[in-house]
Structure formats: C-alpha cells, structure tokens
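Below: one structure, written as structure tokens.
Letters A, B, ... mirror the listed sequences (proteins, then strands); counts begin at 1.
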Amino acid sequence: MRRIIENLVAGIIEKLQSDALLPAGELPEYKVERPRDESHGDFSTNAALVLSRFAKMKPRDLAEKMLAALPSEQKEVDSWEVAGPGFINFRITPQRIRQLIPDILEANSDYGRSTIGNGQRILVEFVSANPTGPMHVGHGRGAVMGDAIATILQVTGHAVEREYYINDAGTQIGVLGWSVMLRYRELFGYEISMPDGSYPAQYVIDIAQSLKDKDGERWLEITTDLSAAPPLEVVNFAMERIMGWIRHDLEKINIHFDNWFSERTLHAKGKIDETIEQLTKKDLIYEGVLEPPKGKLLDDWEARPQLLFKATQFGDSVDRALKKSDNSATYFAADIAYHFDKAERGFDLLIDVWGADHGGYVKRVQAALTALTGKKKLLDVELVQMVNLVRGGEPVKMSKRDGTFVTLAEVVDEVGSDAVRFLFLTRSGGAALDFDLELAVSKSNDNPVFYVQYAHARINAVYRQLAEKGLEAGLGDGSGDLSGLTQDSELSLIRLLGAYPEMLEGAALNREPHRVPYYLIDLASAFHTYYNSTRILDDDVVLMAARLSLISAVRQVLANGLGLLGVSAPEKM
RNA sequence: GCGCUCGUAGCUCAAUCGGAUAGAGCAACGGCCUUCUAAGCCGUAGGUUGCAGGUUCGAUUCCUGCCGAGCGCGCCA
C-alpha cells in the first residue's frame with residue numbers, strides 16, 4: 001500500500017527535476033512512512049524537508065511546489081496537504097482501503113509475504129547450547145529469538161537455513177565424561193569427590209544410572225586419573241543423552257533445525273589447521289606474548305609465547321590466541337574454522353544469535369572472517385540479553401553448578417509453549433527480560449498472549465453464532481459490497497491490517513522479532529475496541545456481510561502473525 | 001582501566017534505519033454485561049526520555065563527556 005504513495009512522490013520529484021526546480025542526478029534519501037498520528041493522514045513524506053536545501057527553497061515552499069506538480073486527478077488518493085515544518089500528508093480513498101479486505105482474504109496465509117529478500121541466502125545459527133547439560137531458560141530465549149528471526153526472513157523472501165553448532169569437542173566434554181564416570185562409581189558404593197568445575201547435578205547421576213543399567217560394571221576398572229581423557233564411549237553416551245534432551249526440548253517449543261553441525265567434524269577434516277594455514281599465507285599469524293589482561297586478576301598468569309592472530313588489524317582490541325599451551329586448538333580457532341566453513345558454503349549472510357555474555361567475542365570472529373573472506377559484513381551477531389526467572393516477583397535462583405537451575409523444559413511444562421514463545425519475543429533482544437512464571441499463566445491483560453489469542457477466538461465465536469442462526473457460512477468472504485464500512489473504527493482497523501506487510505519488512509530488516517507481537521497486541525486491541533462498539537451480526541445483511549469480511553481479515557492477519565511466532569491461534573478459549 | 005548492551009510514567013516495556021503533540025499494559029480512581037466470549041471495552045490521572053553539551057529545519061534516536069546498571073576482558077566454551 002505504501003507503494004502507491006512512494007510511486008506518487010517519486011513521480012513528483014522526477015517532474016521537478018525535469019523542470020529544473022531540483023538538480024538532476026542523485027538526491028538524498030527521503031522517506032514515505034505512516035505517521036504515528038492518524039490525523040496526519042495515511043502516509044507522509046519528509047521529501048520536502050530533506051530536499052529543501054537542494055531546491056534552495058524553504059521546506060514548506062518546496063512542498064507547495066511538489067503538490068502543484070501532482071496531477072489533480074487521483075484514483076487512489078483522496079487528499080494531500082502540507083503540514084508542520086514541510087511534511088506532505090496523503091490520504092488514501094476509503095474505497096482503496098476497503099479493497100484491502102478482499103486482498104487479504106484472497107492472499108490468505110500468504111498475506112504479509114514479500115520478496116524484498118530477493119532470495120538472499122542466509123544461515124541463521126542459534127541455540128548451539130553445549131551438550132553438557134539440559135537447556136536453561138536463557139537458551140530458550142535465544143532459541144525462540146533465532147527461530148523467529150529465521151521465520152521473518154523467510155516470509156520476506158530470504159532463503160534461510162537454521163543451524164545448530166554442537167560443541168562436541170573440547171575440555172568441557174571431557175569434564176562431562178569424568179563427571180559421569182565419578183557418579184557411576186558412586187552408584188557402586190565407592191567414595192567420590194566431585195572436583196571443582198565438574199558437573200555434579202542430578203542429571204549427571206541419571207546418566208550414570210543409565211550407563212550402569214546398560215553396561216553394568218564394565219567401566220569400573222577404568223582409572224580415575226582425571227588428567228587422562230575419559231573413555232570416548234562414555235563421553236558419547238552422555239553427550240547423546242543430553243543432545244536427546246535438547247532436541248526434545250526444542251521440539252516442545254516447536255523449533256526445528258535444518259542442520260546440526262558437529263565441531264568434531266572440523267577437527268576430523270583438518271579444517272582448523274587449514275584455516276590457520278590460510279591466515280598464515282595472508283601473513284596474519286605470528287608467535288607472540290600478550291599483555292596480562294587489565295582489571296581482572298589472574299593468579300596463574302605468566303608471560304608465554306603463543307600462536308596469535310592479528311585481530312587488531314581488523315578492529316579488535318588485542319590479538320587472539322589460536323593454540324593452547326598443549327598445542328591443541330583454542331575454541332576460537334575452531335570457531336573461525338566453523339564460520340569459514342559457513343562462508344564457503346556460499347551464504348550471502350551469516351546471522352548468529354548469541355547470549356550477551358559472549359558479546360566480547362563478536363569482534364574477533366568478525367575480524368577473522370573478514371580476514372579470510374575479504375567480506376566486511378558477512379557475519380551479523382545478534383546478542384540476546386539474559387533472562388531472570390521470577391515467580392510472583394521473587395527471583396528464582398539459577399546455577400548450573402549447584403544443580404538448582406530451572407530448565408527450559410520445566411518452564412514449558414509449567415506455562416506452555418505459547419506463553420514461552422510469545423513472552424520471550426515481546427521484548428527487544430537488547431533488553432534483559434524478567435520472565436514471571438505466575439504472569440505467564442495469568443489470564444489478565446498483563447499477559448499479552450491471552451489477549452491476542454482471545455481476539456482470534458472471539459472472531460471465531462462470532463462465526464459460530466452465525467452458524468447457530470442458520471445463516472449462510474459464506475458471508476464474509478470479502479466478495480460482497482463493503483461500502484457500508486464507514487466508521488472510523490472500521491477504517492482504522494483496515495489501515496492497521498494494511499500495515500502488516502510493512503511491519504514485517506521492518507522486523508526483517510532490523511532483525512527485530514519483537515515488532516511482531518507488539519503489532520499483534522495493537523491489532524487485537526483495535527479489534528476488541530471495534531467489537532465492543534459495533535455489532536457484527538446486524539439485521540442489515542449486506543452490512544453484516546461487510547463486517548464479517550472485515551473481522552475475517554483481522555482473523556487472518558492474527559493467525560498469520562501468531563503462526564510466524566510459532567504461537568497457536570485457538571478457535572475457542 | 002578497556003569493550004559491549006542498556007537507562008523512557010510508581011512497575012514492566014514500546015516508539016517505524018533523525019520526524020510532527022513520546023505511547024501501551026499493570027497498579028490507582030470512575031463507568032459499561034436481558035444482545036455476537038467481560039480472558040473484553042470506555043474514561044481520569046500519571047513524563048525535564050539518567051545529567052551536561054554538540055550536530056540540524058527537527059534528537060528518546062546520531063556524536064562527545066560525565067553518572068548509574070548488567071555482561072565480558074590470555075591457554076574456558
């Protein structure tokens with residue numbers, strides 16, 4: 001719908017250019033947007049404000065000239081005027097606005113889709129929780145966020161793949177293996193002590209128990225020398241168990257990945273050495289000694305020569321280590337190799353969704369990727385702030401160490417997938433989130449999930465009522481005469497429906513899924529207002545059909561928006 | 001000390017890549033159910049957008065400096 005006005009304004013500017021009122025060639029960008037205030041029309045442009053300098057005119061004068069260049073015969077635009085400091089406001093004809101209803105009903109579940117992505121190939125990597133324990137709520141937020149970003153990009157015409165990076169190599173995995181081994185011994189009555197940094201929680205005992213059930217005493221003879229690597233078979237057993245939980249938990253909140261990428265395959269294929277070699281060829285690797293970190297006390301710090309990547313050449317604050325003292329690869333080295341692998345798979349853009357605690361890590365990965373590919377903005381990292389779990393205002397303690405943490409699965413069991421998904425998304429990712437378990441199940445206006453779903457259910461209730469009255473079910477398919485929709489509440493409701501595709505474009509462009517739930521809350525609110533003020537099942541059949549068409553379109557957009565968030569749109573509540 | 005993310009109504013949060021008079025919900029107060037779902041609607045009240053400068057037609061938004069919060073800061077992931 002915005003296109004109508006965009007084309008109009010573009011036409012005007014072209015005309016002014018040919019009339020030499022504006023200089024030819026490239027001009028600065030102006031905008032056509034929906035004003036916040038409906039009294040400012042359906043669309044507004046700041047073109048005169050932006051271009052006034054080039055026309056050597058005052059903004060308002062230029063705006064007048066622009067309107068003079070507008071053919072007075074307009075089919076879809078009702079009125080236009082100069083307002084404020086030099087905005088031009090346009091109003092779309094009611095007929096054109098009403099036309100949105102059949103448009104939406106015809107497009108059906110495709111309404112809102114666009115092709116602005118031009119098929120751009122994007123890989124969205126998210127969750128990637130370590131297979132050392134069940135997912136907690138923080139992972140859940142990242143999961144829902146990543147999934148929503150992916151979906152929004154899909155419906156705006158991008159070719160998206162979802163990927164989970166499994167950190168199945170490295171020291172943490174070894175620690176997990178030993179944690180299980182110790183608990184396993186304990187099950188046979190041996191005295192054990194869990195060393196610092198191990199995983200003592202109940203789930204480790206559960207895994208140990210299944211290991212015992214499966215293999216009996218088979219692993220008892222294995223040394224408990226913690227400095228050695230734990231048996232690979234035990235490690236794999238534990239890890240597969242945990243990954244099973246993770247997949248199951250993701251399933252519960254309706255998240256599905258296209259790819260599960262194993263870190264081990266990087267090691268196995270020599271990808272890490274290969275990547276270091278690439279960097280060496282570009283003369284970006286050297287042996288050096290780093291300064292001790294400032295402001296953080298490291299009691300075991302000692303100056304030591306390391307294999308370093310020249311990250312400072314690409315905007316990072318210090319050069320970064322690629323090898324540990326035992327000459328094995330750092331996590332960073334593996335991560336570079338992983339991201340390089342993504343790049344080699346031919347994606348136009350890589351999006352990573354990380355927890356905010358990894359924020360300090362962004363620059364170095366981007367630096368390495370730029371070094372390897374020559375592309376500057378290949379990797380976009382979206383940081384998701386932490387989740388504070390709250391129950392009735394009281395914080396719920398979470399710690400992976402003492403085993404009292406609350407898992408995502410527990411929360412989903414308690415409040416349901418819809419509430420988790422919607423509430424995790426109804427906040428910009430940059431802001432920390434207090435997730436209140438009581439509020440999530442409360443049936444109040446404070447809980448937007450129910451509010452939006454209720455609007456959808458209410459519309460269905462009207463249709464059920466229609467059937468009970470024995471009236472034709474086909475009423476409200478948008479085909480009838482809609483000219484009876486003249487109330488302000490009706491026209492602004494339709495306008496809001498018309499804004500849906502634009503909202504989605506904005507959400508995609510800025511990677512801000514939270515715009516979707518906020519929009520849906522607005523739409524639900526506008527509908528509830530309308531519903532309370534106006535009777536749908538009017539005695540006038542033509543008018544009733546028109547109103548049914550309207551709310552049917554509202555229902556469609558609510559369903560589309562909720563669907564995109566992975567939240568159900570119930571017919572009855 | 002440095003970096004990142006933030007700071008908006010009493011509380012939880014919005015504000016369209018710089019737009020016009022900064023908006024919702026909750027909490028407070030007052031109204032609306034013999035009619036399609038009251039899990040709803042309407043109204044009242046609530047603000048120096050942390051502070052101070054700067055950029056310009058215009059700043060919650062961009063820049064600089066302070067204040068405050070969270071996260072991070074060799075060989076963990």
Please check the phosphate of [N] (OP1 and OP2 only) for any side-chain N or O of [X] closer than 4.0 Å.
X: A:Ser525; N: B:A24; answer: no
X: A:Arg535; N: B:C41; answer: no
X: A:Arg364; N: B:C73; answer: no

| Can B:C4 be described as syn, meaning its chi torsion is within 90° of 0, or is it anti? | anti
Taking atom types as modelled, is there a side-chain donor on [X] or [Y] under 3.5 Å from an acceptor on the other?
X: A:Gln487; Y: A:Thr534; value: yes
X: A:Thr132; Y: A:Asn130; value: no
X: A:His267; Y: A:Thr265; value: no

For [N] and [M], measure between their [atom1] atoms and round to the nearest Å.
N: B:G40; M: B:A45; atom1: C1'; value: 22 Å
N: B:U5; M: B:A24; atom1: P; value: 30 Å
N: B:G47; M: B:G10; atom1: P; value: 7 Å
N: B:G46; M: B:A9; atom1: P; value: 15 Å
N: B:A38; M: B:C57; atom1: C1'; value: 49 Å
N: B:U48; M: B:C11; atom1: P; value: 13 Å
N: B:U21; M: B:G3; atom1: P; value: 36 Å
N: B:C6; M: B:G18; atom1: P; value: 15 Å

| query | Just wondering, do A:Phe87 and B:A20 stack (centres under 5.5 Å, planes under 30°)? | reply |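 Yes.
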In this structure, how many angstroms lie between the [atom2] atom of [N] and the [atom1] atom of [X], rounded?
X: A:Phe527; N: B:G40; atom1: CZ; atom2: P; value: 13 Å
X: A:Asn510; N: B:A15; atom1: CG; atom2: C1'; value: 13 Å
X: A:Asn460; N: B:A39; atom1: CG; atom2: P; value: 17 Å
X: A:Tyr530; N: B:C42; atom1: OH; atom2: P; value: 15 Å
X: A:Glu291; N: B:C75; atom1: CD; atom2: P; value: 16 Å
X: A:Asn532; N: B:G40; atom1: CG; atom2: C1'; value: 5 Å
X: A:Tyr451; N: B:G40; atom1: OH; atom2: C1'; value: 8 Å
X: A:Ile276; N: B:C75; atom1: CD1; atom2: C1'; value: 13 Å

| Pairwise side-chain contact, A:Thr45 with A:Phe90, heavy-atom cut-off 4.5 Å (strictly under) |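 Yes - at least one pair of side-chain heavy atoms lies under 4.5 Å apart.
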Give a yes or no on whether a donor-acceptor pair under 3.5 Å exists between the nucleobase atoms of [N], that is its base, and the side chain of [X].
X: A:Arg427; N: B:C13; answer: no
X: A:Ser44; N: B:A20; answer: yes
X: A:Asn46; N: B:G19; answer: yes
X: A:Asp357; N: B:A77; answer: no

| request: Check the surroundings of atom CG in A:Asp488: do more than 12 heavy atoms from other residues, nucleotides or ligands lie under 6.0 Å from it? | output: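 Open.
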| said: For A:Lys65, I'd like to know if atom NZ has over 12 heavy atoms of other residues, nucleotides or ligands within 6.0 Å. | reply: no
| message | So, taking the atom named CD in A:Gln306 and the one named CG in A:Asp319, what distance separates them when rounded to the nearest 0.5 Å? | response | 11.0 Å
| message | To the nearest 0.5 Å, what is the distance between OH on A:Tyr454 and CD1 on A:Ile459? | response |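 Going from OH on A:Tyr454 over to CD1 on A:Ile459, the span is 11.5 Å.
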Using a 4.0 Å heavy-atom cut-off, does [X] contact any base of the nucleic acid, only the sugar-phosphate backbone, or nothing at all?
X: A:Ala461; value: base
X: A:Ala83; value: base
X: A:Glu382; value: nothing
X: A:Arg320; value: nothing
X: A:Pro292; value: nothing
X: A:His514; value: sugar-phosphate
X: A:Tyr361; value: base
X: A:Glu302; value: base
X: A:Ala457; value: base
X: A:Thr534; value: base
X: A:Leu290; value: sugar-phosphate
X: A:Asp538; value: nothing
X: A:Lys58; value: nothing
X: A:Arg53; value: nothing

| task | Would you kindly compare A:Thr171 and A:Ile521 by the position of their nearest RNA chain B nucleotide and give the one closer to the 5′ end? | result |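 On the 5' side of the pair lies A:Ile521.
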| Residue whose closest nucleotide on RNA chain B lies nearer the 5' end, A:Ile536 versus A:Thr426 | A:Thr426
Name the pairing partner of [N], where a pair is Watson-Crick or G-U wobble with both distances under 3.5 Å, or state none.
N: B:U56; value: none
N: B:U44; value: B:A28
N: B:U49; value: none
N: B:U34; value: none

| Where along residues 430-441 of chain A does a heavy atom fall under 4.0 Å from RNA chain B? |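 Close to the strand are A:Gly430, A:Ala432.
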| With ring centroids as reference points, do A:Phe126 and A:Tyr164 lie under 6.0 angstrom apart? | no
| request: Please work out whether the ring planes of A:Tyr531 and A:Phe527 are parallel, tilted or perpendicular, with thresholds of 30° and 60°. | output: tilted
| task | Would you please classify the geometry between the A:Tyr165 ring and the A:Tyr338 ring as parallel, tilted or perpendicular, with 30° and 60° separating the classes? | result |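 The arrangement is parallel - the two ring planes meet at less than 30°.
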| Result of checking A:Leu433, A:Val420, A:Leu389 against A:Val137 for side chain to side chain contact (heavy atoms under 4.5 Å, CB included) | A:Leu389
